[in-house]
Structures are given as structure tokens and as C-alpha cells.
Amino acid sequence: LAPILNPKLQKDSSVPKMLCQMDNHLACVNSVRWSGSGKYLASAGDDQRVILWTKSAYGGGAVFGGGGKVNHESYRVAYTLRIHDGDVLDIAWSPGDVWLATASVDNTVVVWDVEKLPSTVAILKGHTGHVKGVTWDPVGKYLATQSADKTLRVWRTSDWGEEAMVSEPFEECGGTTHVLRLDWSPDGQYLVSAHAMNGGGPTAQILERDGWKFEKDFVGHRKAVTCVRFNDNIFEKHLEEVGKKAQYVCLAIGSRDRSLSVWLTSLKRPLFVIHDVFESSILDLAWSKDGLVLLACSMDGSVAAVVLNEKELGTAMPKDTKSALLKKIYGQNIGPAQNAKPMLIENPELLKLAQNGTDNDSEAEASVAVNGNRATPSLVKRGPTDKQLEMRTSDGRRRITPIYIVPNSETTNQAVMNGNSMSSESFGKYQMQSSSSEAKSKIRVEKLDGVVEPNVSPGKKSSPGSEKPAPAGPPPPRPNMIAIKHKPGPVNTTNPVINSGPSGPASSASTEVKTSTATDSSDSQA
């Protein structure tokens, strides 16, 4: 921003004004957003793609086909996200860069998992019209969207369900705006929408977090409001007549009437209004980190910068003080605690029980106790837990019935799998004890009399004469069993099933069975 903030540097040819030009999009680019950490730059366009860029160590160079333009920085494509079926109009990073939300004309909002790209967390399909704006609650609890279907919807990040739907302030609105960029105040108390109507005039509607009431709005623009952007800082100013500090926030509003207004919540009228800067509608707004520079871009292809000072805006509240204020309002469950992703139930059985209550038809009963972002599954014991049933097949192999192993309650918060510790936040996943545990197994083996038929793979048949008739009497029990293979070793010649049978061809068949058992391969029977 040096050539923008300093008029002398603007005329200095040695100071670059364009740092880099990226040309990977195949159509018009509608939205560009830096991540909070500055690691990624996300861009979305009419080519239905979202591209995440990251700075490259390469120093840049001449732009191919750029007519002499030179890149002073170099950016490479880190991810290309493809899932939308239409133009992507708006994007927003969640607090802590945990998620990325993208809004499209396909009537959906996609929430991407930034740590596991290109994986998605949720696809929100409540809107019936083009979704033209998306914004995150600064606490990380809600996601708000505004659409051409004349509704504003608030979604919970805990289960991605719809928290609220507001339509009354937008019933008289027409679909004249290309975007509807709403925004949340930095203290999380207010959500300000784009294009709303009050008494036949365009407004920016104010929604209160408490009950989602909409009793106030910003008025004054002659045409529809297209974008709203709060300053990320909470400002303070000492009032001498009262002897106290006043805390307030700053808001910028852009409109189709080509004007830009800046408001302070401590004033009843706008701080200032700028007219006739652009030749077309204002599309987007952005504040600098220190909150003293406001950038506005227009459909005419130009960008304007408004430079302010502390005397005009006030003193920005320190970050630690702002964090303490948010914790005082919302409790400790903010910041990293809130951004650590709500627990997602991956077990279908637990998910069904958590959503619909106790399932009487299910054999497994479970209860899910949710406390904030933590949940503890509690399972009722099913079937034998201290013994395994063992039988023999006609070819001498063992059949072992699987048993139900109850998770150890002491390892619910910290599971051990294959010697590596796994976080207790893996909600919905059964906590299993490692097979290398020092504790001795208490499982006993119960051998059942009788012979069961072996499994034969499709297309394979047993050797002639290797099948033996089942003993007379009632059929043996046939539990749900799986075959357990032996390691190669000496044949158990004492097994009565293997040694039984007459001499001659049957003995030859018995020899084949012994060889099959020793090699532990069903192919030897063919």
C-alpha cells in the first residue's frame, strides 16, 4: 500500500504498484479474500472454481503476454476446489482459518475443511435462490448467508442446522444487485445485511444476536446496498463530559448509487459519505489490519482508498483486551476453543440416537452426553464378552465366532491404537485397547462339538472325496463365524476329524486335507 498511502511514492517508478498478476481463472473473478494468518489468498469466479494461492519463493518475472508487466512477487496454486455447479459469488474464512465458506448461484453454500482440503464439512442447501453473500460470526458459533430468495439465514456450526431465517425486511427487495455481502460486528452482537427495504427506501438491516430481532437499520442511500464491511477493531474514545470511555464499532456501506458511507455506532448519523468516486456500483469493501485504511472496488474496474486517522475513528482496543471482552460476553468457549471444530459423530448408530433419541428397534443401546464440544458415547454390553466359540469345519479348519469387546471406560478420553496416542476428540470412534497391552487377556475359549461346512469361494470347488457327510442327529449350531488362518507348521495328527475315515480313496482325501491345513490355503483343494 506504500504507493497508495504516500503520493510521492505513487510517482516513483522504482516503487512497484502491481505486485503480481495471477491468470489461472477461466472467467470473471467475483471475490478475493486473504486468510486470517495470511498464508492463503482465496479467489472465486464464474468458472465455478475456488483457487487457494500461496506465496512462492520464486521472485517473479515478466508476465507472459502482459505487454511488459512484471511480477515482483510470485504466487502458486495450492488448491483448486471444484464442487459448485454455478458461479461462485462470495467466500469467507472462519475465525482461525479452520473453515472456508463459499456461496454460489447453485443455491448452496459449501463449507470446506481447510486442514483436509479438498474435503468438505457441510453443504448447506436451505436457500431457494442464488446465494450472494456469506459471513462468519467472530466467535465461530454461527455462519450467516443472504440470498436472492429474499431471505437471510443463520446456520449453527455445531451441527450445520438452520438457527434462524429472516425474510420480512427483504420482501420488497428486487433482484437488482450482483452481490449481497453482509457482515458481522467484531463483538458478535449485531449482523448487518445488505439490500433491505424500509418504507420503500433501501436500507442496511441490523439484526440483533439476541433473538434475531430487526428493529434498526442504516438509511440514506438512494439505491440498493450491495456490501457491508465492519472494521475488525473495537474503538474507544474518552468522553470528557461523562468522564468515561465509550466503546463503539465502525461500519462501511457500499451501494448501487456509487456512494460510500462510514458509520460509528456512537453516532446517529454517518461519519462521512463519499459520492461520485466511481462510475458504477460498488461491489466490495475491505479494511486494513490497523483499521485506518478502507479500500473499495467498483464494477467499473477501479479501486479507491480512504485513509483515516485515530482522531477521526478513535483508539483501537488492544487485542488482549478485545479477547477478554469477548470471553466476558460469551464465556471461555471462543477463539481456539471454538475454532477446534465441533465434534462430528462418525458412527451412524450413535448419530441416529443423538438425533432421534433412543432407538427401541436397535439391538445396541447408546446414550450421547454432549457438554460443549465434548461428547462421551456410552454403550450397553451385547453378547458374550469373556469367551469365544470355536468349531471345526469338515476339512479340519477352525471357525471362531467374533465376540463383542466393550470399550474400556478408563480410556475414553485417551485411546491407544497401535502404540500411538489418539486424541479424545475423535468423537464417535470406539476407543480400543492396544494389542500390545501388558494386561493378560481374560477371554476363554469354548470348543463346540460338531462339524460345519467350510466357505467355498465363488468359482472354486472342493476336491472330490474330500467332503465328509455330517454326523447323524440334529444339525450343529451355525453362528455367524469367520475363518481364522493358522501359521504354517506341523500337522496336528491327533485331530480326530482329520484322522477319521476309511482307507483307500478316502485316506487319500484325508491326506489332501492335511496338506491343505498345513499350507493354510484353500487353493490346494482344487
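Reckoned from all heavy atoms, side chains included, excluding hydrogens, waters and symmetry mates. Just so it is clear, the model here is predicted, and its values are computed rather than measured.
Two residues are said to be in side-chain contact when any heavy atoms from C-beta on lie closer than 4.5 Å; V139 and P95 fail this criterion. A heavy-atom distance below 4.5 Å is not found between the side chains of V166 and T151.
No hydrogens or angles considered: a donor-acceptor pair under 3.5 Å links the side chains of H127 and T145. Side-chain atoms of N30 and D90 include no donor-acceptor pair closer than 3.5 Å. Remark: the W53 side chain and the S43 side chain contain an N/O donor-acceptor pair separated by less than 3.5 Å. The closest side-chain donor-acceptor pair between S119 and D113, if any, does not fall under 3.5 angstrom. There is no side-chain donor-acceptor pair under 3.5 Å between T203 and N198.
A salt bridge links R209 with D137: at least one charged nitrogen is closer than 4.0 Å to a carboxylate oxygen. A salt bridge is defined here as a Lys NZ or Arg NE, NH1 or NH2 lying under 4.0 Å from an Asp or Glu carboxylate O, and D284 with R181 meets this definition. Under the 4.0 Å criterion applied to side-chain N and carboxylate O atoms, D97 and K39 are not assigned as salt-bridge partners. Looking at E73 and K55, a side-chain N of the basic residue comes within less than 4.0 Å of a carboxylate O on the acidic one, giving a salt bridge.
Between the OG atom in S147 and the CE atom in M165 there is a gap of 11.0 Å [rounded to 0.5 Å].
When every heavy atom of S280 is checked against every heavy atom of S298, the shortest pair comes out as O-OG, 3.2 Å.
Only one option out of I206, V228, V225 pairs with F218 in a side chain to side chain contact (heavy atoms under 4.5 Å, CB included); it is I206.
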Dump the intermediate steps for side-chain hydrogen bond (donor to acceptor under 3.5 Å, both in side chains) on Q10 and D12, then the final yes or no.
CA-CA 6 Å; Q10 185 176 6; D12 190 349; over 6 Å; no
Please walk me through it: do H178 and T226 pass side-chain hydrogen bond (donor to acceptor under 3.5 Å, both in side chains)?
CA-CA 8 Å; H178 180 65; T226 56; over 6 Å; no
Just list the side-chain donor-acceptor pairs under 3.5 Å for residues 263-274, sequence neighbours left out, or say none.
unit_1	atom_1	unit_2	atom_2	d
W263	NE1	S261	OG	2.9
T265	OG1	V249	N	3.1

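Partners of K17 under the salt bridge (Lys or Arg N to Asp or Glu O under 4.0 Å) rule, at least two apart in sequence or in another chain, do not exist in this structure.
Side-chain rings of W99 and W155 stay apart, their centers remaining 6.0 Å or farther from each other.
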